[in-house]
Number of protein chains: 2
Amino acid sequence: MPATIRDIARESGVSISTVSYVLNGGPKPVSTGVKERVISVAKRLGYHPNAVARGLSRRRMDTLGIIYTYWDVNTTDFYFLSVLHGILGACMRHKQASTLFTSRHWEESDEAVPQYSDGRCDGIIVIGPPEDCNLVQVLAERKVPTVVINAVLGQQNVSCVDVDNVASMKTITGHLLALGHKRIALLTGEQNMQSCNLRTIGFNAACDEFRIPISDRHIVVGRYRSDSGYERASRLMDLPEEVRPTAICCTNDAIASGVIAAVTDRGLRVPGDVSVTGFDDVADATMCRVPITTIRQPFSRLGGEAVSMLLQVLNGNAVASSTLLPTELVVRSSTAPPPQ
Amino acid sequence: MPATIRDIARESGVSISTVSYVLNGGPKPVSTGVKERVISVAKRLGYHPNAVARGLSRRRMDTLGIIYTYWDVNTTDFYFLSVLHGILGACMRHKQASTLFTSRHWEESDEAVPQYSDGRCDGIIVIGPPEDCNLVQVLAERKVPTVVINAVLGQQNVSCVDVDNVASMKTITGHLLALGHKRIALLTGEQNMQSCNLRTIGFNAACDEFRIPISDRHIVVGRYRSDSGYERASRLMDLPEEVRPTAICCTNDAIASGVIAAVTDRGLRVPGDVSVTGFDDVADATMCRVPITTIRQPFSRLGGEAVSMLLQVLNGNAVASSTLLPTELVVRSSTAPPPQ
DNA sequence: CTGAAAGCGCTTACAG
DNA sequence: CTGAAAGCGCTTACAG
């Protein structure tokens, strides 16, 4: 049994109120003598406050809930994990604990909403919800302080943090176009992800600017996974050479790595025959078969912003708001001018 | 303000005790009529129990703490993340929430011990503590139910789960030896990690069995990181060809990926000139420049075992114990017979 | 079968 | 400056 505030009170001959005042530095002042006595007893007893009791009393656990959903148990999703890493760093700096809620699907996370607002967390960070899930809406209805990473929702009272997907995709597509590519494919992720749609808009905007006609753009919707990239790229590589794209723009690095595998497995070279770009910059550059030209997401800042926005709301210092963070184009070895 | 048990009691004209009995299905029986009334009122009020209040009363939060330490903010450590993923899956299955404690260094996590036992978690899972850290010892002294992943410590009352490092390393080294390699290097990780030492033992055991003399083994201690692998491999490649190793055995995949980069950057081929092996099987096979022959860690099972061992202890159904899980050799494209 | 009461360990108005 | 008391929302012996 760990020592309680009551033990300290008894041992030092004061009331538990006074012990509490000393330990919390308030709300009432305490004379130096008493203060010292209490502190020394607390130290002797190896006292440490019970966070649950304190939380019940204060209605504040200094804990942030993270809702993270993975599609497939066997796939480690590096985007989520990188964001998670950023959030944890920020929690550390802000002295917040974090509770992780995982479920296999977003529908499952939906049912678990009561859990998210059962008092153990003060607020919630949702990573990458799809547009057609109503988790965020339900959280908002329950008035659970919430911030969403990887989507900007119009939801009242919900904060959002994301990178500027349109501008980022325009930049990296522009990089390919500036290299001289004319036939260019876009492999997207799931269409119910806002990022997928925004990135497609950015891609098209860049093509329009470079006056690439629609028919020279192959847009293939799929999933944010390497196997999906592999499969789609294989089909593109089967096209006659004169219509085959010379560049493949992917909406994340996983897709891009699948594409690179598919292209090289057919005996074609990246970037000699086909240029490939990614998005996220999740994996070690050295880990890739061909180091990928990609868009670097500011994972620490994403986490940092999410945490501090949430704390602002929790402390009543701000209302919900949305922020778009800038990204950085990272040029590596998977892009080059088109053949000849 | 969410509804409380008191609101339900008032609305349904019974005492809060009765409400509690109904909601928990005990410990006392309740008549069907009352039961139905209470349940319908609870539903109408959108009631969900406050986990903090319940936790304080029950002294059980159904929450497992995970202590995870990363060395470098800018490096996402895939081993930790994979284990984490396994643990989270297991928590989900066992209806446990999880709280993540991160700190930059193990010394930091040491100071935070009071936090780990402040009531918010029922038990602790420590991922990959080095041998020279006393976190686990302190946890044991405080009688915090603890299970360690990635080390088998002799600590009383602490459970441990790990793979059989010696056997695994013997297997993968044996794979290289069976291919005919005679000059073979071992690049290890940090020497204060138990896994490093055990894997070295396994490596040596395999070499002894194949009668490879000590002088034909280059053992180079370093870090579990790709840059450390890159640097050490570069030096090995500078050796005169007749003493240069034809195979490099790495104690994790990150090191191996650095080695592959170093070897190919010098114009040598993997596995044509040098075979390379890893350990862990963390990254997508397709993500690597050369898909790595490695040892697959059973990440889900590691997490699953850790969680269920901890719950057994928490429920008083078992005492602390240790388990070694089997691994699997995964042969990919980074290994082949030595040149000529 | 139902309820009044004590208790989990803390915080914090309210008195003195 | 110090303390008695109520309260946070729940559980659970203890009576009836």
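A, B, ... follow the sequence lines: proteins, then strands. Residue 1 opens every chain. We use all heavy atoms of the structure for the numbers below, so side chains are in, but hydrogens, waters and symmetry mates are not.
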If only side-chain N and O atoms count, and only distance matters, is there a donor-acceptor pair under 3.5 Å linking B:Thr4 with B:Tyr47? no

Between A:Arg54 and C:dT11, is there a contact of a side-chain N or O with OP1 or OP2 at under 4.0 Å? yes

base_contact_polar (D:dG3 base, A:Tyr21 side chain, donor-acceptor, <3.5 Å): yes

Quick one about A:Thr99 and B:Thr99 (side-chain donor to acceptor, distance below 3.5 Å, no hydrogens or angles considered), yes or no? yes

Identify whether any heavy atom of A:Thr4 sits under 4.0 Å from a base atom; if not, whether one sits that close to sugar-phosphate; answer base, sugar-phosphate or nothing. sugar-phosphate

Quick check for you: among C:dT11, D:dT11, D:dG3, whose closest atom lies nearest to any side-chain atom of A:Asn24? C:dT11

May I ask which nucleotide in the shown strands pairs with D:dG3, Watson-Crick or G-U wobble, both distances under 3.5 Å? C:dC14

Using heavy-atom distances to pick each residue's nearest nucleotide on DNA chain C, tell me which of B:Val14 and A:Pro49 is more 5'. B:Val14

Please compare A:Tyr47 and B:Ile16 by the position of their nearest nucleotide in DNA chain C and report the one closer to 5'. B:Ile16

For B:Val52, answer base if it contacts any base atom (sugar-phosphate contacts may also be present), sugar-phosphate if it contacts only those atoms, and nothing otherwise; contact means non-hydrogen atoms under 4.0 Å. nothing

Measure from the side-chain heavy atoms of A:Ser57 and tell me the nearest of C:dG3, C:dG9, D:dT11. C:dG9

Whole angstroms only, please: what is the CG-P distance between A:Leu56 and D:dT11? 12 Å

Other residues, nucleotides, ligands: >12 heavy atoms within 6.0 Å of B:Arg44 CZ: yes

Could you tell me how far apart A:Leu23 (CG) and C:dG9 (P) are, to the nearest whole angstrom? 15 Å

B:Asp132 backbone acceptor or donor facing B:Asn192 side chain under 3.5 Å: no

Atom pair distance, as rounded to whole Å: CZ in A:Arg58 and P in D:dA6: 23 Å

Closest nucleotide among D:dT12, D:dG3, D:dG9 to the B:Ser20 side chain: D:dT12

When you get a sec, tell me which of C:dT2, C:dC10, D:dT12 is the closest nucleotide to the side chain of B:Ser17? D:dT12

